[in-house]
Amino acid sequence: MRVISDSGELRAVLTGWRGRKKTLGFVPTMGCLHEGHLSLIRAAKKENTAVIASIFVNPLQFGPREDFKRYPRNLERDKRFLKKEGTDFLFLPGVGEFYPKDFQTSVSVVYLSKGLCGKTRPTHFSGVCTVVLKLLNLVMPDRLYLGQKDYQQYRVLGQMMEDLGFPCQTRLCPIVREEDGLAMSSRNVLLSANERKEARLLHQALGLVQGLVISGVKSVIQIKKAGKEILAQSSLGRLDYLEVVNARTLSPVVKLKRGDEILAAVAFFFKKTRLIDNVLIKVT
Ligand code: PAF
């Protein structure tokens, strides 16, 4: 695995590497890797000649009172994991080089960024778009691999690439879960033992929501109420949102109709640690 920290060197190495029949799969991450990330690397390996991962805890996507400083970091372990999966390149930019003092550009996808996580984290998605566009411009991958846990991020980035005509396919990979159903996340290590026990309620609430939709309930008010009742069993956490939205536009849905593709999504706080999870459902 070739580790590169300098943007100019990355460009030069990849230009030399690229050939007519070679394809490059890209897995951007913020590190502290878990099975969810590794499943993206495996998906990228299957479809491409080579795989590049990046690890960069992007300050632009954290709000002023969010957990940038506390965000878990474990670089040596990450490198071992990536090497074991056969990752070909690892890009590790430094903050100073990536965002020099006079950096002033911000990329926003206006409407898709407003709802769901955008309500509590109003600057988050412009931070994500800015860093990912900069990474894409450097890496120029053929395919970008994203996890379904961050479904809104997947839609926002997909829209950005469509709007700006970025020539890259996007692959959405399934959520990888712990045994009790909790979606794997780098932030899970920040939970106390009791919070960790309660965190399984997110998956349970979404399971109930999915069950109600499958059994034919069409009122979203009723569906959300039932899901929130499960989450109210938590004594340590607090609900940010539980929403049912159209899976493409992310706009709220009131009454379900046959054929609708919907996303049921939840965000839940345990003190400052915010967990998200979701399920995609086709209404029959
Ligand atoms: O999903 C993440 O880990 C981050 O938002 C990403 C895509 C690496 C951008 O910093």
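We count ligands from 1, going down the list as the structure has it; atoms in each ligand are counted the same way.
In the displayed structure, F68 atom CZ is contacted under 6.0 Å by more than 12 heavy atoms of other residues, nucleotides or ligands.
Across Q153, Q61, M30, heavy-atom proximity to atom 9 (C) of ligand 1 is greatest for Q61.
The shortest N/O to N/O separation between T29 and ligand 1 does not fall below 3.5 Å.
Shown here are the side-chain hydrogen bond (donor to acceptor under 3.5 Å, both in side chains) partners of D67, two or more places apart in sequence or in another chain: R187. When the side-chain contact (heavy atoms from CB on, under 4.5 Å) test is applied to E162, the partners found at least two apart in sequence or on another chain are R248.
Remark: ligand 1 atoms within the under-4.0 Å shell around heavy atoms of V131 are 9 (C), 10 (O).
Between N194 and L236 there is a side-chain heavy-atom pair separated by less than 4.5 Å.
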